[in-house]
Each structure stands twice: as structure tokens, then as C-alpha cells.
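Data first, discussion second: the structure below is written as C-alpha cells.
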Amino acid sequence: MTDKYAVIGNPIAHSKSPLIHAAFAKQTGQDISYEAMLAPLDGFTAKVLELIAQGYKGANVTVPFKFEAYNLCDVLTERAQHAGAVNTLIFTINHIKGDNTDGAGLIRDIASNFGIALQDARILILGAGGAAQGVFQPILAQQPARLVVANRTLDKAQKMASQFANKVAACTFEGLKNQSFDIIINATSTGLTDTALPIPDTIFTKNCLAYDMMYGRETPFMAQARAAGAQVADGLGMLVEQAAEAFYLWRGVRPQTAPVIAQLRKA
Ligand code: ATR
């Protein structure tokens, strides 16, 4: 019997997740199917219940349903609770269990694929929305020297930082003058609109890692970082790593990610 999984989102047609999970399944010999499923904006819960009724074993959740998924789950892992959002559902006989593998995916991409230690690093997160929320706790667990969140709207950065006692500092982009970092993560949605962020070049130290959580194109953030001498990364590795973590939760097998990242880059 083939075990069925899906990714639910809106829009969903361009999702790379079916390709990634098919590659993992082939590589590990796991007998699964994995499809992209469009849910109407007001039809997320109905879609999940439909999948459960059809015997699906689990699902990934993407934009804009990660918060709704969080509210729907009967059981939440600690990392889902910290993220306030769910990207992986596990359907058991009695429960819908929710996890969030995004933060773990980001950490694994930076630490394992780029070989850059987060411990003792000065780390900056740009943006204080949904994409940013999920990465603070996993980054703090790596014990950075300093973690700063900068956002256009200062109160949102302050609210985000206040969730982590005195471990995260908040400022505006202006407030980044006279600060520099080893790892800078763009978690704003500005890549979608090709908007440059008003951040000073001086935040990039030579050979620092500038990581954009978006993938698929060179964003203005990446271009600025490259010109300032940074090592630049897009979010494709994070995408594959968060999928690998979900695959591991479902199947108990950890697939190799490097060949899949390489395959997607070539495509
Ligand atoms: P997501 O789920 O993608 O994080 P979001 O929760 O709407 O989406 O958050 C978008 C983030 O990008 C926010 O930090 C937002 O800044 P504000 O909190 O000030 O709105 C940031 N963002 C979006 N457009 C921006 C722009 N043109 N300049 C700077 N920041 C921007």
C-alpha cells in the first residue's frame, strides 16, 4: 500500500515540494505518493478533513495556511508552539499533530550545507512577520553571541524580541548603523516585490553569510550583500532541508539533501 501525503496551499501550482519528496522517496526506497493540493482560501480545514478521510498519513502546509494549521492541531510540538505556525501535519488515529520544520531547515542549511557555525556568531534577522517568527527559537538554541531583529515597523520587532526575554534586541533599519554581523537573514517579503531594504552596507562584514529565505531569483538584498563582499545564499537549501525534516518525521528515514538541492539548482 502506497502511503499518501500532500502539500496544501493557495496558490500551490508552482510548489517544488512534490518534486523534492518524490526524489527523497526514490532515494530511500519509501513507497509514498505526494501531491500539491489547492485549498480555497476559506477551505483549509475542509481539505485537511478530506485528506484524513481518504487515508492520507500527513501533509505539509504552506502560505497562507500555516497559522490556521496551528489552530487546527490537537497536539503541537514544542517547535511549532514557538513558531506559532505549523508546516507539517501528521495524521494519527486520534489526532492531528502539528510540527514546524522551517527553523530546523534553515539551521541545517546554514550549518551543514554552508558549514557556518551559528554558535558565537553575531546574527541579524531582517523582518518580523510570519517567516521570521519561526526562526528565533532554533537560532537561540545554537547560542549565538548576539541576535538582533530589525524591521520597518519598530513595534513589530520589539514585540517579536519581547517573546525571548533579553536574548533578542530590536531596532529599525536606521538603527543598524554602526552594527555589523556574521550572518544576516532576510525574512522580509521584499524579494517578492523586488524592493531594496534601506540597510547600510556596513552591516555586512567581509565573508559574512547573507541569506535570503526566498528562492528562485536574485533579490535586491542578495545583490546588495554580494556587492558588499558577503557570501550569498537563497532559500532553496532551506526549502529542501525543511522537507527532509518532514520526510524524517513521517518515515523515520533521513534522506540525503545535497543531490536534491543540486537537482533543483540545475532545473
Ligand atoms: P511573511 O509571512 O512572508 O513573513 P508578513 O507576516 O506579512 O509575511 O511579514 C512581512 C515582513 O516583510 C514584515 O516584516 C514587513 O515589515 P512590516 O512589519 O514593517 O510590515 C516586511 N516588509 C514587507 N514589505 C516591506 C518593504 N517594502 N520594506 C521593508 N519591509 C517590508
Side-chain angles (χ1 to χ4, degrees), residues 7-12 14-17 39 41 44 60-72 79-88 98-107 109 123-139 147-164 168-177 179 181 183-201 203-204 210-225 228 233-239 242:
V7 57
I8 309 169
N10 186 334
I12 200 64
H14 295 103
S15 171
K16 294 193 189 304
S17 293
L41 291 176
F44 173 71
N60 284 130
V61 181
T62 187
V63 177
F65 299 125
K66 290 184 188 184
F67 306 106
E68 219 173 318
Y70 175 89
N71 289 322
L72 180 67
R79 50 191 192 179
Q81 288 174 39
H82 281 302
V86 158
N87 80 333
T88 304
D99 197 353
N100 193 315
T101 66
D102 286 331
L106 174 71
I107 301 293
D109 196 31
I123 303 178
L124 169 65
I125 297 175
L126 301 167
Q133 170 82 47
V135 304
F136 285 94
Q137 189 62 36
I139 289 175
L147 181 56
V148 176
V149 53
N151 196 45
R152 176 176 62 180
T153 313
L154 179 61
D155 339 341
K156 277 171 75 181
Q158 285 170 333
K159 211 163 152 205
M160 189 72 83
S162 69
Q163 297 171 49
F164 304 97
V168 180
C171 64
T172 58
F173 298 129
E174 253 306 79
L176 290 171
K177 275 181 203 153
Q179 299 194 57
F181 298 89
I183 300 173
I184 301 173
I185 298 161
N186 183 17
T188 70
S189 53
T190 50
L192 289 171
T193 51
D194 265 337
T195 311
L197 287 163
I199 46 175
D201 283 338
I203 60 172
F204 301 100
Y211 194 105
D212 202 311
M213 285 169 71
M214 288 252 324
Y215 63 86
R217 62 167 125 170
E218 173 102 346
T219 64
F221 166 76
M222 290 164 74
Q224 181 181 359
D234 70 1
L236 189 72
M238 175 180 174
L239 176 77
Q242 65 74 30

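Order of listing sets the numbers, starting from 1, for every ligand and every atom in it. In this chain, residues are counted from 1 in sequence order.
- Atom 12 (O) of ligand 1 has S189 N, 3.1 Å as its closest protein atom, hydrogens excluded (heavy atom only).
- Between D102 and R79, none of the side-chain N atoms (NZ, or NE/NH1/NH2) sits under 4.0 Å from a carboxylate O, so this pair counts as no salt bridge.
- Close contacts of ligand 1 with T195, meaning ligand atoms under 4.0 Å from a residue heavy atom, involve 27 (N).
- The nearest heavy-atom contact from the protein to atom 21 (C) of ligand 1 is T188 CB, 3.7 Å.
- Evaluated for a side chain to side chain contact (heavy atoms under 4.5 Å, CB included) with F221, the options T190, L126, T188 yield exactly one hit, L126.
- For ligand 1, the atoms sitting less than 4.0 Å from at least one non-hydrogen atom of G127 are 14 (O), numbered in the order shown with element in parentheses.
- Here the protein heavy atom with the shortest distance to atom 9 (O) of ligand 1 is G129 CA, 3.4 Å.
- Using modelled atom types, one finds no donor on one side chain facing an acceptor on the other under 3.5 Å when comparing N100 with Y70.
- Donor-acceptor pairing under 3.5 Å is lacking for the side chains of N87 and T62.
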Open item on the list: Show, in sequence, the C-alpha distance, side-chain angles and deciding distance for N60 and I8, and conclude whether the side-chain contact (heavy atoms from CB on, under 4.5 Å) test is met.
Closed with: CA-CA 6 Å; N60 284 130; I8 309 169; over 6 Å; no

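- Partner of T219 under the side chain to side chain donor-acceptor pair (under 3.5 Å) criterion, chosen from N186, D212, D194, T195: D212.
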TODO: Mind running side-chain hydrogen bond (donor to acceptor under 3.5 Å, both in side chains) on D234 and Y211 for me, showing each step along the way?
DONE: CA-CA 6 Å; D234 70 1; Y211 194 105; over 6 Å; no

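- By the 3.5 Å distance cut-off applied to N or O atoms, T153 is counted among the residues near ligand 1.
- At least one protein heavy atom sits closer than 4.0 Å to atom 16 (O) of ligand 1.
- At the shortest separation from atom 13 (C) of ligand 1 among protein heavy atoms lies N151 OD1, 3.9 Å.
- Those atoms of ligand 1 that come under 4.0 Å of a heavy atom in K156, given as number and element, are 17 (P), 18 (O), 20 (O).
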TODO: Test Q179 against C171 for side-chain contact (heavy atoms from CB on, under 4.5 Å), laying out the working first.
DONE: CA-CA 11 Å; Q179 299 194 57; C171 64; 4.1 Å; yes

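- Residue contacts with ligand 1: L197 is placed with no nitrogen or oxygen under 3.5 Å of a nitrogen or oxygen of the ligand (distance criterion only).
- For ligand 1, the atoms lying closer than 4.0 Å to a non-hydrogen atom of T190 are 24 (N), 25 (C), 26 (C), 27 (N), 28 (N), 29 (C), 30 (N), 31 (C).
- Side chains of Q137 and Q163: no donor on one and acceptor on the other come within 3.5 Å.
- Between A131 and ligand 1, a contact under 3.5 Å exists for at least one N or O pair.
- At a 3.5 angstrom cut-off on N or O pairs, R152 counts as close to ligand 1.
- Remark: ligand 1 and G130 share an N or O pair separated by less than 3.5 Å (distance only, no angle test).
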